[in-house]
Every structure is written in structure tokens, then in C-alpha cells.
Amino acid sequence: MSAPHTPSPASVRSFVQRFSATRRGARLARLLAAHQLTEWGHPHGTEAHDTVVLVVGELPANAVLHGLVPGRDFALRLVRDDGKGLIRIEVSDTHPALPMCKAPGADEEGGRGLVLVDALAVDWGVRDRPGPGKTVWAECATVPRSLTHSSALRPGLPWEEEPAGARAGSGATSR
């Protein structure tokens, strides 16, 4: 009689780092995320690597540009979940304003960051964090989109206007 086979638990790995809320800090977050992805077996040039690096490029940039509180930094957390086939990106800052995702006008220079995140990520959103501020998160597939049918899973833009439940007087701005 053979012993029952129990599947090995899915591999979940994480990377957490705090950065100064500067352009240099945002750039360093992107570079270290790219290095971590390579260590996790998603080298430069793969869809998973390039997608996550683009999303990591946008979320810390938003934290630095729109979530800056003088004297405070931001945190980046990456979680690789092989069981779900996802890499979760979380960027936490101490500013209370919630991000808004809206298509910018053709003559506007900025405002495309969350539109890009929405196009690349399987899902994304915002949640409260312990202490002041919020965490903006996004989940990216580790397998090519053609194999995941992710467009059928995506609910679309989380917000096109100020999100319901936004804190009154928070000064939420387009991110």
C-alpha cells in the first residue's frame, strides 16, 4: 500500500524594502525589483519581468510625486505566488489622498500612470495600511497573457472619478 501523495505547498516569496521619497528612491525601487525578478527566474526580456518592472516604475513614481509627505519614505513589497501564477506589487506611502484613474486629455503631460497599470496588471486597487496613508497594489501574471485569458478576468478601471468612500477633504488628485 502506498502513502497518499500530498502536493507540495505553492512557493511564495517576498521582497520588502523602504526607499526615500525621491526620484532616486523610485528609480532604485525599480532597479531592485528588476534584480529580484531575475533572481526569482523571470529574466529581463520575459513578459513577466518587463510587465512587473513597468508597474513598479509607475507606482513608486506616483508615491513620490503625489504621495509625498515631507520626512516620510515609501515602501515597496513584491510577493511571488507560484500557486496563483502572480506577482503582487504593493507600494505604501503616508499621504491620505486616494489615487484616481482617468484618461488624461491629449494635451496633458502626465496622468497616464494608473491607466498604464490598469492595462498591464491582472488587477489593482488601493487599501488602507496600518498608520497613516494607503497601499496601492497591482497583480501581474507570471505566465504570458495568451495563456491566462486575463482580459476575461479584469473588471475594468476601478475608478473613473473619485472613488466612492474617498475620505472627505483628502485632496485626492489624479495619479
Side-chain angles (χ1 to χ4, degrees), residues 5-19 25-67 73-95 98-103 111-131 133-160 163-165 175:
H5 174 70
T6 48
S8 61
S11 175
V12 176
R13 296 183 183 177
S14 64
F15 168 85
V16 180
Q17 181 71 46
R18 298 190 75 78
F19 298 92
R27 181 176 183 268
L28 183 58
R30 182 178 50 81
L31 292 171
L32 289 178
H35 177 75
Q36 187 62 56
L37 289 166
T38 301
E39 291 293 313
W40 284 343
H42 301 287
H44 177 76
T46 62
E47 185 173 344
H49 179 278
D50 295 349
T51 299
V52 171
V53 169
L54 281 170
V55 172
V56 171
E58 291 300 328
L59 296 183
N62 282 350
V64 168
L65 293 173
H66 305 289
D73 51 7
F74 72 91
L76 169 68
R77 180 173 184 243
L78 301 175
V79 178
R80 184 187 90 178
D81 187 335
D82 291 338
K84 294 180 180 178
L86 293 172
I87 295 178
R88 183 177 176 99
I89 302 121
E90 296 181 355
V91 175
S92 300
D93 65 51
T94 57
H95 199 280
L98 296 175
M100 294 187 328
C101 183
K102 63 178 186 174
R112 291 166 178 77
L114 288 179
V115 174
L116 180 62
V117 170
D118 183 68
L120 295 172
V122 172
D123 197 10
W124 73 275
V126 179
R127 65 176 171 81
D128 286 334
R129 59 171 284 222
K134 77 253 176 222
T135 297
V136 181
W137 59 270
E139 294 177 337
C140 298
T142 58
V143 295
R145 286 181 183 234
S146 60
L147 300 177
T148 63
H149 306 293
S150 63
S151 61
L153 301 174
R154 300 209 36 229
L157 291 174
W159 303 298
E160 292 182 9
R175 297 181 104 185

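Atoms considered below: every heavy atom in the structure, side chains included; atoms not considered: hydrogens, waters and symmetry mates. Index from 1, following the sequence.
Here the OG1 atom belonging to Thr142 is positioned 9.0 Å from the CG atom belonging to Asp81, to the nearest 0.5 angstrom. Interatomic distance, Trp137 CH2 to Asp123 CG, rounded to the nearest 0.5 Å: 4.0 Å. Within the model, atoms CG of Leu59 and CD of Glu90 stand 10.5 Å from one another, a figure rounded to the nearest 0.5 Å. For the atom pair Asp82 CG and Trp40 CH2, the distance stands at 9.5 Å (nearest 0.5 Å). Note that CD of Gln17 is 10.5 Å distant from CG of Leu78, once rounded to the nearest 0.5 Å. Rounded to the nearest 0.5 Å, atoms NE2 (His49) and OG1 (Thr38) are 4.0 Å apart.
Among all heavy-atom pairs drawn from Gly45 and Asp50, the shortest one is N-OD1, 3.3 Å. Of all heavy-atom pairs spanning Cys140 and Val55, the tightest one is SG-CG2, 3.9 Å. Minimum heavy-atom separation, Arg30 to Gly57: CD-CA, 4.0 Å. Arg13 approaches Ser11 most closely through the heavy-atom pair NE-OG, 3.7 Å. Residues Gly113 and Glu58 share a closest heavy-atom pair of CA-OE1, 3.1 Å. Here the closest non-hydrogen pair linking Ala48 and His42 is CB-ND1, 3.8 Å.
In this structure, the side chain to side chain donor-acceptor pair (under 3.5 Å) partners of Glu139, at least two apart in sequence or on a different chain, are Arg88.
Arg80 contributes no side-chain N or O that, together with a main-chain N or O of Leu37, makes up a donor-acceptor pair within less than 3.5 Å.
Taking the charged nitrogens against the carboxylate oxygens, Lys134 and Asp128 have no contact shorter than 4.0 Å, which rules out a salt bridge.
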Margin query: Quick one, Arg77 with Ile89, criterion side-chain contact (heavy atoms from CB on, under 4.5 Å). Give me CA distance, side-chain angles, the key distance, then yes/no.
Written below: CA-CA 6 Å; Arg77 180 173 184 243; Ile89 302 121; over 6 Å; no
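The side chain to side chain contact (heavy atoms under 4.5 Å, CB included) with Phe19 is formed by just one residue from the set Leu76, Asp73, Val91, Val64; it is Leu76.
For CZ of Arg27, the number of neighbouring non-hydrogen atoms (other residues, nucleotides, ligands) closer than 6.0 Å is 12 at most.
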